[in-house]
Participant: 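Sharing a structure below in structure tokens format, with a few things to ask.
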Number of protein chains: 2
Amino acid sequence: MFFSINPTNGLAIFDQIVRQVKFAVASGTLMPGDMVPSVRELAKELAVNPNTVVRAYRDLTNEGILEAVRGTGLNVTEDAVAHCEKERLGLLRERVRHVLVEAHSSRLETSEIRELVEEELTRLERAAKGKRGKKGADS
Amino acid sequence: MFFSINPTNGLAIFDQIVRQVKFAVASGTLMPGDMVPSVRELAKELAVNPNTVVRAYRDLTNEGILEAVRGTGLNVTEDAVAHCEKERLGLLRERVRHVLVEAHSSRLETSEIRELVEEELTRLERAAKGKRGKKGADS
DNA sequence: CGAAGTGTTCTATCGTGATAGAACACTAAA
DNA sequence: TTTAGTGTTCTATCACGATAGAACACTTCG
């Protein structure tokens with residue numbers, strides 16, 4: 001499915017859900033009118049408490065990204081796309097910055113930091129490529 | 001001084017202290033026989049509860065990086081250098097990886113991620129340079 | 001109608017990081 | 001010896017994220 005939880009992320013579970021919904025909207029994976037998984041369903045899939053999903057969906061609703069259709073579910077609003085596209089880079093940038101600041105303040109040379117990032121980036125690409133070719137055509 | 005706390009880091013305060021001590025040892029800023037700031041002094045400097053510093057120093061002592069000289073203070077052990085040098089890259093790598101994974105799973109192209117990192121890296125360099133030239137020669 | 005599915009709102013409990021304040025054993029220096 | 005500074009070890013309390021379980025209003029479908 002769309003979402004996955006990483007417990008060692010440094011981010012709260014509800015925050016990871018919020019961000020992933022936003023990213024999905026920004027990238028077109030989730031479009032206006034689409035319905036997100038129900039509270040109970042997503043909670044089951046992520047092996048997480050329903051209240052944690054409620055918290056995430058509540059935040060998203062308050063931000064105007066989701067809207068409730070009572071008795072039916074939550075769907076992505078029209079405004080969501082612009083909102084999420086605008087926010088996505090900022091959200092990622094903030095995390096990137098924190099890590100780089102720590103690396104820099106640990107007296108790592110800029111070149112060493114760049115090398116470290118490059119290593120992990122290529123490793124990530126390899127993993128993604130391997131996954132694509134693993135079982136059945138995905139495209 | 002050596003240490004600084006970032007509240008929006010995603011890392012617990014005690015963990016930030018632990019990491020910064022390790023990084024300082026790995027980079028030679030802190031050498032075997034050097035004494036770390038006293039619990040109460042560091043707590044005051046960081047505007048943090050003494051128990052939080054105790055927690056950090058306890059972890060470091062249990063890992064063999066610091067040793068207590070009762071009534072005097074805590075100093076860096078001989079083994080610390082090897083231990084911290086070996087650990088430093090791994091600690092940073094883990095955080096880098098988490099961020100890159102999130103960026104990648106947000107459907108950002110590798111090139112876009114690289115660009116984002118590069119932007120923040122140069123910004124970091126500019127800031128460091130600005131600070132150096134700000135007040136009195138540092139070199 | 002009734003059953004099953006939505007979101008929503010409660011209360012209670014738990015773990016953890018952090019704070020607050022106190023006490024203890026020890027050592028160095030006046 | 002006294003004083004002031006070490007680390008160490010308690011107990012309590014708080015905030016917050018997460019869990020657990022329940023109830024409510026609503027809509028869809030048989």
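Values reported hereafter were calculated over all heavy atoms of this structure, with side chains retained and with hydrogens, waters and symmetry mates removed. Just so we're on the same page: letters track the sequence lines, and every chain starts at 1.
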Participant: Reading nucleotides 25-30 of chain D 5' to 3', which nucleotides get B (base under 4.0 Å from a protein heavy atom), which S (sugar-phosphate only), which -?
Facilitator: BBS---
Participant: Short question: side chain of B:R19, backbone of B:L11 - any donor-acceptor pair under 3.5 Å?
Facilitator: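 Answer holds: no.
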Participant: What's the CD-P distance between B:E67 and D:dT6, to the nearest Å?
Facilitator: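 Rounding to the nearest Å, CD of B:E67 and P of D:dT6 are 18 Å apart.
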Participant: Is there a donor-acceptor contact under 3.5 Å linking the side chains of B:E102 and B:H98?
Facilitator: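 Side chains of B:E102 and B:H98: no pair found under 3.5 Å.
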Participant: Does the B:T61 side chain pair with the main chain of B:Y57, one donor and one acceptor, at a distance under 3.5 Å?
Facilitator: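 Side chain of B:T61 to backbone of B:Y57: a pair is present.
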Participant: Under 4.0 angstrom, heavy atoms only, what part of the nucleic acid is A:F14 near: base, sugar-phosphate, or nothing?
Facilitator: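 The answer is sugar-phosphate, as A:F14 gets under 4.0 Å only of primed atoms, P, OP1 or OP2.
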Participant: Can you give the first and last nucleotides of DNA chain C, 5' to 3', that have an atom under 4.0 Å from a heavy atom of chain A?
Facilitator: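 Taking any atom under 4.0 Å from a heavy atom of chain A, the span is C:dG5 to C:dC10.
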Participant: Starting at CG of A:L46, measure out to CD of A:E41 and round the result to the nearest 0.5 Å.
Facilitator: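 Answer rounded to 0.5 Å: 10.0 Å.
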Participant: Just by distance, do the side chain of B:E112 and the backbone of B:E109 share a donor-acceptor pair under 3.5 Å?
Facilitator: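 Yes, the answer is positive, given that a donor and an acceptor are paired below the 3.5 Å cut-off.
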Participant: Check the side chains of B:S4 and B:N6 for a donor-acceptor pair under 3.5 angstrom, ignoring hydrogens and angles.
Facilitator: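 No.
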Participant: Quickly work out the A:R55 CZ to D:dT19 C1' distance and round it to whole Å.
Facilitator: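 Going from CZ in A:R55 over to C1' in D:dT19 covers 14 Å.
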Participant: Could you check how far OH of B:Y57 sits from P of D:dT6, rounded to whole Å?
Facilitator: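 My rounded result for the distance is 11 Å.
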Participant: Do the side chain of A:N49 and the main chain of A:N51 share a donor and acceptor less than 3.5 angstrom apart?
Facilitator: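 A pair under 3.5 Å: yes.
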Participant: Between B:R40 and B:T52, which is nearer to the 5' end of DNA chain C once each is assigned its nearest nucleotide?
Facilitator: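 With B:T52 and B:R40 compared, the 5'-side residue is B:T52.
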Participant: Could you check how far CG of B:N75 sits from C1' of D:dT6, rounded to whole Å?
Facilitator: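 B:N75 atom CG is separated from D:dT6 atom C1' by 12 Å.
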Participant: State plainly whether the residues A:R123 and A:E120 are in salt-bridge range, i.e. N to O under 4.0 Å.
Facilitator: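 Salt bridge flag = yes for A:E120 with A:R123.
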Participant: Roughly, in whole Å, what's the span from CG in A:L11 to P in D:dA18?
Facilitator: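 Taking CG of A:L11 and P of D:dA18, I get 10 Å after rounding.
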Participant: Starting from the 5' end of DNA chain D, give me the residue, B:V36 or A:N49, whose nearest nucleotide shows up first.
Facilitator: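 This one resolves to B:V36.
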Participant: Whole angstroms only, please: what is the CD1-P distance between B:I13 and D:dC16?
Facilitator: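 The answer, rounded to whole Å, is 14 Å.
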Participant: Using a distance-only test with no angle check, is there a side-chain donor-acceptor pair under 3.5 angstrom linking B:E67 and B:T77?
Facilitator: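 B:T77 and B:E67 do not have a side-chain donor-acceptor pair below 3.5 Å.
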